[in-house]
Novice: 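Here's a structure for you.
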Amino acid sequence: MIPNGVAQKAKPDEFFVNKLRCELGLTDSDFVIGTVGRLLDHHKRISDLLVCLSDVSKSVPNAKLLVVGAGPDEGMLWALVNEMQLNNKVIFVGYQADPQPYYSLMDIFALASAYEAFGLVLVEAMFNQLPVVATRTGGIPKVVLEGETALLSSTYDPEGMAVNINKLYQSPELMKSFGDKALARARMEFSEDRYVSDVDVLYRRLLSERGLI
């Protein structure tokens, strides 16, 4: 098996990030939980993140949820935001061809997927030195390291995810440790150079076995 490789993108200009933060109504004191993905709720479970945010906000009143992505369930999710009275705490920014600047606004990356084969956005978040909270499903436990770069909970368990977010929020040292280890793991295991090298080795071995080189 050759795991996916992800290109590490350069950090965006700090002035641009600060401008984007102001445009979105975020302040330096906000604790931003971010996610990136298609708004297809039976898969990505953004609705669980809304329930999680409502729970987290009881102890972290400055918590905000930043959602990067578009999809057919956007209207339903907006209705849920209104129903839960989270209008001033949730920011939908729609589809972004380059989500890199938005990672720079996040304090924690969250992925509440019901199923996930790999989760490229997890590696993107790790390259941005973000601690991760996610569900323990599919390939996620093989991408992140539970207890070292991420805290995982069961699927369909927003309360469990809220507990994990609170745990990280209450320990800036733990958040930094997770972020540092996430970046190191992304560079070691999921870089584009590692991917290209692994594919090259595989092709050369197969060609050699067939006497073609």
Side-chain angles (χ1 to χ4, degrees), residues 17 20-96 99 101-116 119-122 124-125 128 130-138 140 144 146 150-172 174-175 178:
V17 172
L20 184 60
R21 180 180 286 108
C22 290
E23 289 174 354
L24 296 176
L26 292 169
T27 69
D28 291 338
S29 62
D30 286 329
F31 182 70
V32 181
I33 304 159
T35 194
V36 179
R38 192 158 183 248
L39 303 187
L40 194 63
D41 206 54
H42 75 271
H43 178 193
K44 297 298 183 180
R45 299 301 299 171
I46 305 297
S47 59
D48 284 349
L49 288 181
L50 296 178
V51 175
C52 175
L53 175 67
S54 181
D55 197 352
V56 168
S57 296
K58 296 171 186 175
S59 55
V60 188
N62 59 328
K64 301 283 181 68
L65 177 63
L66 176 63
V67 181
V68 182
D73 290 333
E74 183 172 355
M76 178 275 288
L77 292 168
W78 267 118
L80 190 56
V81 167
N82 292 327
E83 180 184 330
M84 300 176 70
Q85 299 182 335
L86 294 171
N87 306 66
N88 64 337
K89 301 186 74 63
V90 180
I91 303 168
F92 289 93
V93 298
Y95 168 77
Q96 301 294 325
Y102 296 89
Y103 285 109
S104 297
L105 300 175
M106 301 174 190
D107 295 294
I108 283 179
F109 185 81
L111 193 66
S113 300
Y115 54 91
E116 197 72 58
L120 289 172
V121 291
L122 291 170
E124 291 179 358
N128 281 277
L130 289 171
V132 170
V133 291
T135 46
R136 194 182 293 105
T137 185
I140 291 176
V144 300
E146 187 168 3
L151 294 177
L152 304 182
S153 55
S154 301
T155 53
Y156 308 104
D157 181 18
E159 293 81 10
M161 184 169 281
V163 169
N164 287 338
I165 290 174
N166 275 313
K167 182 176 180 180
L168 287 171
Y169 175 79
Q170 291 165 9
S171 177
L174 188 62
M175 284 185 61
F178 273 36

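Start at 1 with the first residue, then count along the sequence.
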Novice: Could you tell me if the side chain of Pro72 sits less than 4.5 Å from the side chain of Leu40, heavy atoms only?
Specialist: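 Contact flag for Leu40/Pro72 side chains = yes.
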Novice: For Asp107, enumerate each residue passing the side-chain hydrogen bond (donor to acceptor under 3.5 Å, both in side chains) test, keeping only those at least two apart in sequence or located in another chain.
Specialist: none
Novice: Evaluate side-chain contact (heavy atoms from CB on, under 4.5 Å) for Ile91 paired with Leu26, printing each intermediate quantity in order.
Specialist: CA-CA 9 Å; Ile91 303 168; Leu26 292 169; 3.6 Å; yes
Novice: For residues Val133 and Phe178, determine if any side-chain heavy atom of one lies less than 4.5 Å from a side-chain heavy atom of the other.
Specialist: no
Novice: Within this structure, what is the CG-CD1 distance for the pair Leu151 and Ile108, rounded to the nearest 0.5 Å?
Specialist: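 Reported value, rounded in 0.5 Å steps: 8.5 Å.
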Novice: In chain order, what residues pass the side-chain contact (heavy atoms from CB on, under 4.5 Å) check against Ala162, with sequence neighbours excluded?
Specialist: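 If we apply the side-chain contact (heavy atoms from CB on, under 4.5 Å) test to Ala162, skipping adjacent residues, the hits are Cys52, Asp55, Val56.
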Novice: Which residues satisfy the side-chain contact (heavy atoms from CB on, under 4.5 Å) test with Ser59, sequence neighbours excluded?
Specialist: Asn166
Novice: Are Leu39 and Ile46 close enough that some pair of their side-chain heavy atoms sits under 4.5 Å apart?
Specialist: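 Side chain of Leu39 against side chain of Ile46, heavy atoms only: contact under 4.5 Å found.
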Novice: Are any of the side-chain heavy atoms of Asp48 and Asp157 separated by less than 4.5 Å?
Specialist: no
Novice: Can you tell me if Ser171 uses its side chain to pair, donor with acceptor, with the backbone of Leu174 under 3.5 Å?
Specialist: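 Answer holds: yes.
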Novice: Taking all non-hydrogen atoms of both residues into account, name the closest pair between Ala110 and Ile33 and its distance.
Specialist: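 Of all heavy-atom pairs spanning Ala110 and Ile33, the closest is CB-CG2, 3.8 Å.
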Novice: Side chains of Glu124 and Pro99: does their closest heavy-atom pair fall under 4.5 Å?
Specialist: yes
Novice: Could you pull out all residues at least two apart from Tyr115 that satisfy ring-ring contact (aromatic ring centres under 6.0 Å, His included)?
Specialist: His43
Novice: Show me the donor-acceptor pairs within less than 3.5 Å that the side chains of residues 76-86 make with the rest of the protein, sequence neighbours left out.
Specialist:
residue : atom : partner : partner atom : Å
Asn82   : OD1  : Asn87   : ND2          : 2.3
Asn82   : ND2  : Trp78   : O            : 3.3

Novice: Once ring-ring contact (aromatic ring centres under 6.0 Å, His included) is applied, do any residues pair with Tyr156, and if so which ones, sequence neighbours excluded?
Specialist: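 Result, ring-ring contact (aromatic ring centres under 6.0 Å, His included) vs Tyr156: none returned.
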Novice: Could you tell me if the side chain of Tyr102 sits less than 4.5 Å from the side chain of Val36, heavy atoms only?
Specialist: no
Novice: Is any side-chain heavy atom of Leu105 less than 4.5 Å from a side-chain heavy atom of Asp30?
Specialist: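 No - every pair of side-chain heavy atoms lies 4.5 Å or more apart.
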Novice: Test side-chain hydrogen bond (donor to acceptor under 3.5 Å, both in side chains) on Ser29 and Asn62; report intermediate values, then the result.
Specialist: CA-CA 7 Å; Ser29 62; Asn62 59 328; 5.4 Å; no
Novice: Under the 3.5 angstrom rule, does the side chain of Lys44 hit a backbone N or O of Ala112 as a donor-acceptor pair?
Specialist: no
Novice: Please find the pair of heavy atoms, one from Asp73 and one from His42, that lie closest to each other, and give the distance.
Specialist: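 It is OD2-N, 4.5 Å.
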Novice: Dump the intermediate steps for side-chain contact (heavy atoms from CB on, under 4.5 Å) on Asp28 and Arg21, then the final yes or no.
Specialist: CA-CA 9 Å; Asp28 291 338; Arg21 180 180 286 108; 3.7 Å; yes
Novice: Has the side chain of Lys64 got a donor or acceptor atom that lies under 3.5 Å from a matching backbone atom of Gly34?
Specialist: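 Checked: no pair found.
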Novice: What are the two closest non-hydrogen atoms of Lys89 and Ser57, and how far apart are they?
Specialist: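 Reported closest heavy-atom pair: CE-OG, 2.8 Å.
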Novice: Testing the basics here: between Met106 and Val68, what is the closest heavy-atom pair and its distance to 0.1 Å?
Specialist: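 Between these two residues, the closest heavy atoms are CE-CG2, 4.4 Å.
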Novice: Taking all non-hydrogen atoms of both residues, which atom of Leu152 and which atom of Asn164 are closest, and how far apart?
Specialist: O-ND2, 3.4 Å
Novice: Closest heavy-atom contact between Asn128 and Ser104?
Specialist: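 Closest approach of Asn128 to Ser104: OD1-OG, 4.5 Å.
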Novice: For Thr135 and Thr137, test the side chains for any donor-to-acceptor distance below 3.5 angstrom and give the result as yes or no.
Specialist: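 No - no donor-acceptor pair under 3.5 Å links their side chains.
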Novice: Taking the side chain as every heavy atom from C-beta outward, state whether Ile140 and Leu111 have any pair of such atoms under 4.5 Å apart.
Specialist: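 They are in side-chain contact.
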